[in-house]
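Worksheet: one structure, shown below.
Keep in mind the model is a prediction, meaning the values are calculated, not measured.
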Amino acid sequence: MPPTIPGFTYHRVPVADGVSLNAAVSGSGSPLVLLHGFPQTHLMWRHVAADLAADHTVICPDLRGYGASDKPAESDEGGDGSGYAKRTMADDIVTLAHTLGHDRFALAGHDRGALVAFRAGLDHPDRITHLACLDVLPTLDMWEVMHGVTAAVGFHLYLMAQPPGLPEELIAAAPDAFFGHFLDIWTNDPQAIPARIRTAYLDACRAAVPSIVADYRASAGVDLAHDRADRDAGHQLRMPVAVLQQDWGAALGFDAAALWRAWAPDVRHSTVTCGHFMAEEAPADVAKALRDLLAR
């Protein structure tokens, strides 16, 4: 059996036709949904979730296509790849929260989960009371600022943006090497991801190669189109927003805080001294930042 978050109750919640999400729930008080990133599952929130459950209802799902959640086909009947559009995945989360009894809730996401949270904030401003995005840029900004040799850090983005077939075949040929590469190079403290958690992540990713690739491919297509349409229309995040990032903006040659301010007038941007997996490397800092956000 894969690890679980101690003290949390697990639910399987239908969110769309043929799609149910695995979700860990605990605590009481105002609801907070925590969305994981790549190449992880909801377990990445285990420390932060346990802390916040002392005074909030905390919900930690596996995103569609990840962990123990369902992994539907990449394309709908229109063949546009929208099965893993962040809009579709955001709708999953709104439905999940509603089914669990919460029509308004705070939402925090890391990495891929942050992109889902960002889309939920734009598409469902009446549902999202507070929004936190950890160590990511909005999809449109990400593609616009990556260039030259600095873009090598995002080689996986370009690989998984390719048409169906080759990316899945290459990654499936050596999944532990591929996914383990990111667990190794994106952390400053290897002890933050102990062996049993690392094994759980690798097991989950190995079983989800097509859906993980589909998630990334969507960000080079349908997600990009949705972000561009929102920017052209002047849409912004209307709720209080917190953005936590590593101090990587200057190193890559762009002002991450300025990029976020264009989307979120009420944003507080801060850096955390750790690697990419900040909820595991610096859980106290992340929990404090989320509490500060929820107090706004």
Side-chain angles (χ1 to χ4, degrees), residues 5 32-52 56 58-63 66-67 86 89-90 93 105-122 128-139 141-142 145 153-154 157 182-183 185-189 192-193 197 201 215-216 219 223 237 239-249 251-252 254-257 259-261 263-264 266-296:
I5 304 178
L32 170 63
V33 179
L34 303 175
L35 305 180
H36 67 86
F38 164 92
Q40 300 159 293
T41 70
H42 74 282
L43 291 171
M44 63 153 282
W45 290 108
R46 59 196 180 279
H47 305 305
V48 174
D51 183 331
L52 295 174
H56 296 279
V58 179
I59 303 167
C60 302
D62 288 329
L63 296 168
Y66 288 81
K86 301 308 155 290
M89 297 170 81
I93 301 308
F105 57 96
L107 182 60
H110 173 259
D111 188 83
R112 308 305 294 173
L115 299 180
V116 177
F118 172 79
R119 176 48 51 192
L122 288 171
I128 311 303
T129 63
H130 302 76
L131 181 68
C133 294
L134 277 58
D135 218 37
V136 79
L137 291 177
T139 297
D141 296 295
M142 176 195 70
V145 302
V153 301
L157 302 173
F182 301 102
L183 294 174
I185 69 167
W186 286 351
T187 181
N188 289 351
D189 177 13
I193 304 178
I197 299 296
Y201 290 159
D215 168 32
Y216 274 85
S219 286
D223 295 342
L237 297 165
M239 65 291 297
V241 176
V243 173
L244 279 69
Q245 292 181 306
Q246 299 177 76
D247 191 12
W248 44 257
L252 295 182
F254 57 84
D255 185 342
L259 294 173
W260 273 105
R261 281 195 297 271
W263 289 102
D266 187 11
V267 64
R268 295 183 186 174
H269 183 281
S270 58
T271 56
V272 181
T273 304
C274 63
H276 177 60
F277 303 115
M278 55 182 61
E280 292 172 288
E281 294 189 65
D285 292 340
V286 172
K288 181 181 185 305
L290 293 180
R291 289 185 187 281
D292 289 346
L293 169 66
L294 294 171
R296 285 161 58 188

Taking the six-membered ring for Trp, are F38 and Y216 parallel (under 30°), tilted (30 to 60°) or perpendicular (over 60°)? perpendicular

Any heavy-atom pair between the side chains of D141 and F254 that's under 4.5 Å? no

Any side-chain to backbone donor/acceptor pair from D223 onto K86? Under 3.5 Å, distance only. yes

Can you name the side chain to side chain donor-acceptor pair (under 3.5 Å) partners of D266, sequence neighbours left out? R296

Test side-chain contact (heavy atoms from CB on, under 4.5 Å) applied to V136 and W260, step by step: CA-CA 10 Å; V136 79; W260 273 105; 4.3 Å; yes

Main chain of L35, side chain of W45: is a donor-acceptor contact present, judged purely on distance under 3.5 Å? yes

Given side chains that start at C-beta, do those of M142 and L157 come closer than 4.5 Å, heavy atoms only? yes

Looking at every non-hydrogen atom in both residues, tell me the closest pair between A242 and L293 and how far apart they are. N-CD1, 3.9 Å

I want to check something: taking the side chain as every heavy atom from C-beta on, are V272 and Q245 in contact at a cut-off of under 4.5 Å? no

Stepwise side-chain contact (heavy atoms from CB on, under 4.5 Å) check, T271 with Q246: CA-CA 5 Å; T271 56; Q246 299 177 76; over 6 Å; no

As an exercise, state the distance from CZ of R268 to CG of L244, rounded to the nearest 0.5 Å. 12.5 Å

Taking every heavy atom of T139 against every heavy atom of S219, the minimum-distance pair comes out as CG2-O, 3.2 Å

Nearest 0.5 angstrom please: W186 CH2 to Q40 CD, how far? 9.0 Å

Tell me whether R112 forms a cation-pi arrangement with Y66, defined as NZ or CZ under 6.0 Å from the six-membered ring centre and within 45 degrees of its axis. no

Hey, what do you get for CG (L107) to CG (L34), rounding to the nearest 0.5 Å? 8.5 Å

To the nearest 0.5 Å, how far apart are CG in L290 and CG in L134? 6.5 Å

State which residues pass salt bridge (charged side-chain N to carboxylate O under 4.0 Å, His left out) with D111; sequence neighbours excluded, sorted by chain then number. none

Grab the two heavy atoms, one from C133 and one from A114, that are nearest each other, plus how far apart they are. SG-O, 3.7 Å

How close do P283 and V48 get, heavy atom to heavy atom, and via which atoms? O-CG2, 3.7 Å

P61 versus I93: any side-chain heavy-atom pair under 4.5 Å? yes

So CE of M278 and CG of N188: to nearest 0.5 Å the spacing works out to 10.0 Å

Value for CH2 (W263) from CG (L237), rounded to nearest 0.5 Å, stands at 8.0 Å

Ignoring hydrogens, what is the shortest heavy-atom contact between R291 and D51? Give both atom names and the distance. NH2-OD1, 2.6 Å

Show the numbers, then the answer: is there a side-chain contact (heavy atoms from CB on, under 4.5 Å) between L122 and R119? CA-CA 5 Å; L122 288 171; R119 176 48 51 192; 3.8 Å; yes

Restricting to pairs with a member in residues 269-285, which pass salt bridge (charged side-chain N to carboxylate O under 4.0 Å, His left out), not counting sequence neighbours? R46-E280

Does H110 use its side chain to pair, donor to acceptor, with the backbone of D135 at less than 3.5 Å? no

Dump the intermediate steps for side-chain contact (heavy atoms from CB on, under 4.5 Å) on T129 and F105, then the final yes or no. CA-CA 6 Å; T129 63; F105 57 96; 5.8 Å; no

Just so I know, are the side chains of L183 and P39 near enough to count as touching, which here means a heavy-atom distance under 4.5 Å? yes

Do side-chain atoms of Y201 reach the backbone of M44 as a donor and acceptor pair under 3.5 angstrom? yes

Of all heavy-atom pairs between A287 and L52, which one has the smallest distance, and what is that distance? O-CD2, 4.0 Å

